[in-house]
Amino acid sequence: MAATTTEPATEPGTRAPHEVIWGLAQAVVPSRALHVVAEVGVADHLGDEALPAAALAGPCQVDAMALERLLRLLCAHGIFECAGEGFRHNRVSRLLCSDHPRSMRSFARINGLPVARAAIAALDHAAATGRPGAECVDPAGFFHYLEGHAEEAAVFGQAMADKARADIDDLLAAYDFRPFGTIADIAGGRGHLLHAILAVAPEARGVLFDLPEVVGGAGPHPERLRTQAGDFFHDPLPAADLYLLMEVLHDWRDREAAAILGAIRRAAQPGATMLIIEHLLPDEGVDLVSQTLDVLMLAVTGGQERRPSDLRALLRSTGFQPGRVIHTAGPISAVEAVAI
C-alpha cells in the first residue's frame, strides 16, 4: 500500500503554506503599485470627498481604468479607502501627500526609481557575487550613479529626510541629549536630526557634516548649528562631545564602515560619545523589518544591517568602547560607544 502524506490542518488565523509562498511571490505587485501611485502624485489630488479614478487620471496623466485597478489593490492593503465607485483618503494614504508634515511620498517612490528597480532586479547578481546589484547599472555603485542623476538623487535625499523624521521622535524619547555641549551629525543630510536635538537640548551646539552638495542645499539652520562640508573617507571631521551616525554604516561593508569609525576616532577626544543609530538585526531569531533592509542593502549599496555584536566588534577594532544598546518605541535602535 502506497504511503500518503497528509498536511497538518492550518490553525485559525494563519495562512496555509502554499498561501505564504503565493503571497510573497506576488508581493512585488502591490509594492510596484505603491511606487507608481506615489510617483504620479495621486494623493495630492485627493481630498476628503471621494473621487472616481476618472477624475484623478487627468491631473496624474495616467489611464483611468488602470489607475482604478491600482487604487483598488492599494485599498486592499489598507492604503486609501474605496467609497462606492470612488476613492478617498484614510490615515495611511494621507502620508503620501507631498505637503503632509510627516509625508512619506518620497520614501514610497524610492524603490521605484530606475536605479533601485534595476538593483533589486539584479539580486541574482548580488547572490552570485556578494556585490551590489546596482553595479549592473553603474560599475562605480549606487552613490556614484546618483551623482549623475539629479532628479533621482533629489528623491533619494528627500526620502532619507522623511524616513529620519519618522524615527526622530522615538529617538528623542529614548535618549537624553542635554548633557552634550557639541553634537556632530556625520553624513547628517539636511540636518533634520540635529534640528530636533537642538530644540530639546537648548545649551548644545551642532555641527552638520556632509558632502558639499548636501550641506549646500540643506537650507536655513538655527543659530547654534553650523555646517562643515567634506567626505568622511578623505577629509578631517569636526571635534565634538557626541557624534551621531544615523543609518550611515548600513550603506557600507565592514571595511568602509571601519574607515568611517576610524575617521571619527581621529577627530574625537578620549571620552567623547558616539551613537550609531540603525535598524539592528537580532543577535538571535528573526526580524522582518531589519532583515528586509539587510537584503535591500545587499542589492542597492552593497552594505548590510548588523547585529549589536557585529557593531561591538567594529567599535573595539577602531578605538571605541561599546556601551549600551538603546531600543526606541519604533524600529530603530542606538548603540552607544565611548572613544578610548
Side-chain angles (χ1 to χ4, degrees), residues 160 163-164 166-180 182-189 192-194 196-197 200-201 204 206-210 232 237-238 240-294 296-298 301-340:
M160 293 302 96
K163 173 65 171 62
D167 292 326
I168 283 170
D169 287 348
D170 291 331
L171 181 63
L172 294 180
Y175 194 82
D176 184 6
F177 292 92
R178 292 173 297 176
F180 302 99
T182 300
I183 301 172
D185 193 357
I186 307 304
H192 292 91
L193 175 58
L194 264 184
I197 290 172
V200 299
V207 185
L208 176 63
F209 181 94
D210 213 314
F232 47 41
L237 302 185
D241 304 302
L242 172 66
Y243 291 88
L244 307 172
L245 280 173
M246 185 168 186
E247 295 194 298
V248 173
L249 292 188
H250 78 159
D251 286 330
W252 305 96
R253 302 178 86 168
D254 282 349
R255 183 177 64 180
E256 291 82 6
I260 295 167
L261 294 174
I264 293 174
R265 181 61 191 87
R266 288 191 294 275
Q269 292 294 316
T273 301
M274 181 168 58
L275 276 189
I276 299 172
I277 305 155
E278 303 258 335
H279 291 78
L280 296 179
L281 293 171
D283 274 318
E284 296 182 1
V286 296
D287 174 73
L288 180 60
V289 172
S290 62
Q291 283 164 325
T292 298
L293 286 173
D294 186 41
L296 184 63
M297 293 301 101
L298 170 64
T301 69
Q304 62 189 95
E305 303 300 328
R306 293 176 173 87
R307 301 168 298 175
S309 55
D310 298 326
L311 287 174
R312 291 189 187 104
L314 274 174
L315 287 163
R316 290 190 183 100
S317 72
T318 52
F320 290 92
Q321 177 60 48
R324 58 190 174 135
V325 176
I326 299 107
H327 296 290
T328 73
I332 62 165
S333 301
V335 175
E336 190 178 50
V338 175
I340 54 178

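Heavy atoms only: backbone and side chains are in, while hydrogens, waters and symmetry mates are out.
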Walk me through whether D287 and L280 qualify under side chain to side chain contact (heavy atoms under 4.5 Å, CB included). CA-CA 9 Å; D287 174 73; L280 296 179; over 6 Å; no
Side chain to side chain contact (heavy atoms under 4.5 Å, CB included) between T273 and D241, intermediate numbers included: CA-CA 6 Å; T273 301; D241 304 302; over 6 Å; no
Output, in order, the C-alpha distance, side-chain angles, deciding distance and verdict of side chain to side chain contact (heavy atoms under 4.5 Å, CB included) for V248 and I186. CA-CA 8 Å; V248 173; I186 307 304; over 6 Å; no
Yes or no on side chain to side chain contact (heavy atoms under 4.5 Å, CB included) for I197 and L193, after CA distance, side-chain angles and deciding distance? CA-CA 6 Å; I197 290 172; L193 175 58; 3.8 Å; yes
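With values rounded to the nearest 0.5 angstrom, S333 atom OG is found 11.0 Å from L281 atom CG. The CG atom of L242 sits 10.0 Å away from the OG1 atom of T182 when rounded to the nearest 0.5 Å. Note that CD of E278 and CG of D251 are 8.0 Å apart. Values are rounded to the nearest 0.5 Å. Separating the CD1 atom in I264 from the CD1 atom in I276 is a distance of 7.5 Å, to the nearest 0.5 Å. Rounding to the nearest 0.5 angstrom, the gap separating the OG atom in S290 from the CG atom in L296 is 12.5 Å.
Looking at residues two or more places apart in sequence or on another chain, you find a salt bridge (Lys or Arg N to Asp or Glu O under 4.0 Å) between D167 and K163. Take D176 and apply the side-chain contact (heavy atoms from CB on, under 4.5 Å) test, not counting sequence neighbours, and it matches R178, P179. With sequence neighbours excluded, no residue forms a side-chain contact (heavy atoms from CB on, under 4.5 Å) with A173. Contacts of E305 classified as side chain to side chain donor-acceptor pair (under 3.5 Å), with partners at least two apart in sequence or in another chain: H250. Taking the side-chain contact (heavy atoms from CB on, under 4.5 Å) definition, one finds that M160 meets it with F107, I110, F156, sequence neighbours left out. F177 is linked by a ring-ring contact (aromatic ring centres under 6.0 Å, His included) to Y175, counting only residues two or more places apart in sequence or in another chain. For D169, the salt bridge (Lys or Arg N to Asp or Glu O under 4.0 Å) partners are R102, not counting sequence neighbours. Partners of D254 under the salt bridge (Lys or Arg N to Asp or Glu O under 4.0 Å) rule, at least two apart in sequence or in another chain, are R306. For R253, the salt bridge (Lys or Arg N to Asp or Glu O under 4.0 Å) criterion is met by no residue, not counting sequence neighbours.
Checked by atom type and distance alone, the side chain of Y243 pairs as donor or acceptor with a backbone atom of P238 at under 3.5 Å. Although no hydrogens or angles enter the test, the distance criterion places no donor-acceptor pair under 3.5 Å between the side chain of D170 and the main chain of A329. In this structure a side-chain-to-backbone donor-acceptor pair under 3.5 Å is missing from D294 to Q304.
Note on residues 320-332: pairs passing salt bridge (charged side-chain N to carboxylate O under 4.0 Å, His left out), not counting sequence neighbours, are R324-E336. For residues 310-322, the pairs satisfying side chain to side chain donor-acceptor pair (under 3.5 Å) are R307-D310, with sequence neighbours left out. Note on residues 255-271: no pairs pass side chain to side chain donor-acceptor pair (under 3.5 Å), not counting sequence neighbours.
Annotation for A272 and A240: closest pair CB-O, 3.8 Å, computed over non-hydrogen atoms. A pairwise comparison of heavy atoms in A267 and L237 identifies CB-O, 3.5 Å as the closest pair. The nearest pair of heavy atoms linking P322 to L315 is CG-CB, 4.0 Å. Taking both residues in full, the closest heavy atoms of P308 and V325 are given as CB-CG2, 4.2 Å, listed atom of the first, atom of the second, then distance. Among all heavy-atom pairs drawn from L208 and G189, the shortest one is CD2-O, 3.5 Å. Taking all atoms of both residues into account, the shortest heavy-atom contact from H327 to A174 is O-CB, 4.0 Å.
Under the 4.5 Å side-chain criterion, counting only non-hydrogen atoms from C-beta, I168 is not in contact with L171. E247 has its side chain out of reach of I277: every pair of non-hydrogen atoms, C-beta onward, lies at least 4.5 Å apart.
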